[in-house]
Protein chains: 2
Amino acid sequence: MVTLAEVAQHAGVSASTVSYVLSGKRSISAGTRQRVERSIQELGYHPNAGARALASSRSNIIALMVPLRTDMYVPVMMEIAIAVATTARTHGYDVLLLTGEEGPDAVRRVTGSGLADAMILMDVELDDERLPLLRQTNQPSVLIGLPADTTGLTCVDLDFTATGALCAEHLAGLGHRDIAVIGEAPAVYERHTGFAERTLDGLRVRSQELGLRVLHRPCEGGYDVMAVTLARVFDERPRTTGFVVQNESAVEPLLALLRQQGRAVPEDVSVIAVCPDQVATQASVRLTSVAIPAQEMGRRAVEHLVAKLDGRGTDEVVLLAPELTVRASTGPVPSAG
Amino acid sequence: MVTLAEVAQHAGVSASTVSYVLSGKRSISAGTRQRVERSIQELGYHPNAGARALASSRSNIIALMVPLRTDMYVPVMMEIAIAVATTARTHGYDVLLLTGEEGPDAVRRVTGSGLADAMILMDVELDDERLPLLRQTNQPSVLIGLPADTTGLTCVDLDFTATGALCAEHLAGLGHRDIAVIGEAPAVYERHTGFAERTLDGLRVRSQELGLRVLHRPCEGGYDVMAVTLARVFDERPRTTGFVVQNESAVEPLLALLRQQGRAVPEDVSVIAVCPDQVATQASVRLTSVAIPAQEMGRRAVEHLVAKLDGRGTDEVVLLAPELTVRASTGPVPSAG
DNA sequence: AGTCGCCGTCGAAGCGCTTCGACAACCTAT
DNA sequence: ATAGGTTGTCGAAGCGCTTCGACGGCGACT
C-alpha cells in the first residue's frame, strides 16, 4: 500500500502539503500541486479510508437501510437503492447497505461506531421504532416515506394523498361513479406503512367531493387471490366501472380476469395503476398510471443528506407531486344500458 | 462518543485489556471480563470503525458490486443483495453497495483505500474487464456468475448448463419433439453475460441427444414484442409444443398470448420457466420451473468469502444444481391429429 | 527603507484502536 | 525451596491521515 508519506517524499514536499493538495483546504502553489498530483498518479496512491475516517471523524459513507421484507414492490426498492448509490458517489460518498433485520440496533451501531456519517431509511412505518433514536442522535438522516410525526425529521416521499385524489379526479372526469380500489396486501396495512393509507385517504376525500362511491379491498396479488377479490367487488358493487390498483402484482391478474369475464378495458371498465412507468407500459394493456418516481426519491434523499452534511439543509418534508399519464386503460364510462 | 480509554478507566483496567476482552485474542480472567463488559454496557460503548480499521488493517466490510442496468430480472438481484447483507452480518461484516457504474475504477478505489476487505461481483461478463484487477490484487473476491476463464477466481452460480439440459429432459420425457426457447433480451447476449448462453448450450446438447428440435429466439419481454416473437416461432415451426422461457418478463405475455390464440396450457403447449419460485407460483398458470436460488447464491458467496478472509477457503467454482419443480404448465404432448 | 499582512509550506500532535513485548504473580515439578 | 512454565495484565508504539500553529519570504503599503 502506498501512503501519504511516500507520495510526499516522492514529490519532495511534506505530508501535510500532500494532504492539503488532496483536500483543497489551504492554497497550494500551482507548481507544487502539479508535482504532487503527478506523484499520486505515478505511485497509484489511494488514501486509506480508515486513517481518514479516524483523523477527520468523517467516513464519507451513507448508510441505507432497506426493508428485509419483500411483500412490497421490489423493483421500486432496488431502483431507489441504485439511485442512492449513484447519487452518493457523485458527491464523494459510498453507501453501506443495511437490512431492516437489525432494526434500531443497526442505527445505534452505525451511529455509535462512526461507520457512516448519515443514514437513509426506507420503508418507514407510521410509528417507527427507529425514529426516537434518529431524533436524539445528531447524525443527519433522511426518511424515504412519511411517519406520523415528522418533527425534527427530513422526509422524501411521493405525495400519496395527492396521488389518490388524482386518480379520483381522472375517473370522475370520465364519468365513472362506482370505483374499486385494489389495495396492497393486508400485511402492509397492518404494519402501518402509511403510504397505502394516505393514498386511500386522498382518494376517499376527493371521491366524496366528486360524488364517487369507493369500495376498498386489500389484495395480496397473484391470480387466485385476485379472482376472489374481484368476484366480491362485483358482487357487492355490480356497477363498478373504475379500478385503482395499488399493488403491482395485482395488475396483471386483474387485467386477465377482466378479459376472461368479457369486460373490455377501457370500454367497459377503466383501470388506473400506481406503479413505475416501466410496468405501466409493459402490461398487457398500456396502463393509465400514476408513476412512482423511485429514482427521483433516491436522488432527492441523498441531496438533502449531503446538504445537511455540508451544514446547509434543514429539516423538511418533501412531497413529490404525482403525475398521472393517460394511456390505454381508462376511458369514458359506458353509457348506461 | 465513548472511547476505549473511557471504558478502561471506568472498569479500572488498561486500554489493552478492554481491547482483548473485545477481540478475545488473549485470555482474560472471568472477573475482569465481567467488569469490562458491564462498563461497556453502562457507557454504551461502540468501537470506532475508523480507528479499528486503521490499527488492524481490516475494515470488516465486504463490497458488493451490483449491475446498474435493469434489463435483467431485478428481484433476483435484490434477493441476492439482501441475502449477502444478511449473511455478512452474521459473520460480523457490513456491506458496501457499489454500482457497476464506476466499473474497474471502483475495484481499484476500494482495494486501494482499504475501504473493504473483500468484494462480491454480480453480473459478471464472460470476459469481464474487472477480472484482471481482481487477479492481481490479493484481495479476496467471489463472483456471482461465471466468466470464460476462472483461473484464480472463486465463482458461485446456478449450473445453467444443467438447467438447460434439465428443461430438455423434462419436455422430451413428456413426448415433445419441437421446442422453442424464449431467451433473454438481445442486449444480454451481446454483453456476453454467459448464463443465457450456457442455458442454451446445455439445452441444445441434451436436445440433440434426445432428438428434440430447438428454436431459440431472444426476447425483450412485454406484450407487443412477445406477440411478434411468438408469431415468428409458430410460423417457422408450426408443430412447436414446448416452450422454455428464460426472461421472466416474457412469461406472462406468453401465457396471455397462448390463451388468446386458443392454445391451452398444458393441454396443447407446455411451458417451463427459469425463474424464482415466487414468480412460478404467482403466474396465471402455476408454472413448471427451474428455480433461481438467489438467496442461496448470496449466502454461499459470503460464506466462501469469509472462509478466504479467515485463511481457510480456496479458489473454486461452485455450481448449484438446478431443481425442476413440476407444476401445472407442462404435460404430455397432445396426440397427433 | 521599514512594517504589515498574506501566501505557501512545514512539523508535530493526535484521532481511537490493535498488538507486541514485558512482567508480576502464581502454580507445578523437581 | 527453587527453577521453569503459565496466566493475566499493562505500557508503549504505531497504523495513515488531518489539522493547527508557526514561520520564512514576498509584495504592498506608508
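Because only heavy atoms are used, hydrogens play no part in the values below, and waters and symmetry mates are left out as well, while side chains stay in. Small disclaimer: the values here were computed from a predicted structure and weren't measured.
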Pairs: protein N or O with nucleotides 19-21 of chain C N or O, under 3.5 Å:
unit_1	atom_1	unit_2	atom_2	d
C/dT19	OP2	B/Lys25	NZ	3.0
C/dC20	N4	B/Tyr20	OH	2.6
C/dG21	N7	B/Arg26	NH2	3.3
C/dG21	O6	B/Arg26	NH1	2.3
C/dG21	O6	B/Arg26	NH2	3.3

**Study point:** Bending between helix ends of the helix from C/dA1-D/dT30 to C/dT30-D/dA1 [5 pairs per end, 10° resolution]
**Key:** 40°
Exercise for review: For B/Asp159, check salt bridge (charged side-chain N to carboxylate O under 4.0 Å, His left out) against everything at least two apart and list the hits.
Suggested key: none
Practice item. Any pair with a residue in residues 22-41 of chain B that passes salt bridge (Lys or Arg N to Asp or Glu O under 4.0 Å), sequence neighbours left out, goes on the list, sorted by first then second residue, please. Key: B/Arg38-B/Glu42
Revision key, fill the gap. A/Arg135 meets the side-chain hydrogen bond (donor to acceptor under 3.5 Å, both in side chains) criterion, sequence neighbours left out, with none
**Study point:** Of all pairs that satisfy salt bridge (Lys or Arg N to Asp or Glu O under 4.0 Å), the ones with a partner from residues 13-22 of chain B, not counting sequence neighbours
**Key:** none
Review point. Which ones in residues 28-43 of chain A lie close to DNA chain C, meaning a heavy atom under 4.0 Å from one of its atoms?
Key: A/Ile28, A/Ser29, A/Thr32
Result block: side-chain N/O donor-acceptor pairs under 3.5 angstrom for residues 140-149 of chain A, not counting sequence neighbours:
unit_1	atom_1	unit_2	atom_2	d
A/Asp149	OD1	A/Thr151	N	3.0
A/Asp149	OD1	A/Thr151	OG1	2.5
A/Asp149	OD2	A/Thr151	OG1	3.1

Distance-only check: which donor-acceptor pairs under 3.5 Å involve side-chain atoms of residues 110-121 of chain B, not counting sequence neighbours?
unit_1	atom_1	unit_2	atom_2	d
B/Thr111	OG1	B/Val107	O	2.7
B/Thr111	OG1	B/Gln139	OE1	2.9
B/Ser113	OG	B/Arg109	O	2.8
B/Ser113	OG	B/Leu115	N	3.3
B/Asp117	OD1	B/Ser59	N	2.8
B/Asp117	OD1	B/Ser59	OG	3.1
B/Asp117	OD2	B/Ser59	N	3.2
B/Asp117	OD2	B/Asn60	N	2.7

Exercise for review: Would you please name every residue forming a ring pair (Phe, Tyr, Trp, His ring centres under 6.0 Å) with B/Tyr93, sequence neighbours left out?
Suggested key: none
Point to revise | With sequence neighbours excluded, residues passing salt bridge (charged side-chain N to carboxylate O under 4.0 Å, His left out) with A/Asp127 | key: none
Review point. What residues, two or more places apart in sequence or in another chain, satisfy side chain to side chain contact (heavy atoms under 4.5 Å, CB included) together with B/Thr87?
Key: B/Thr90, B/His91, B/Arg299, B/Val302, B/Glu303
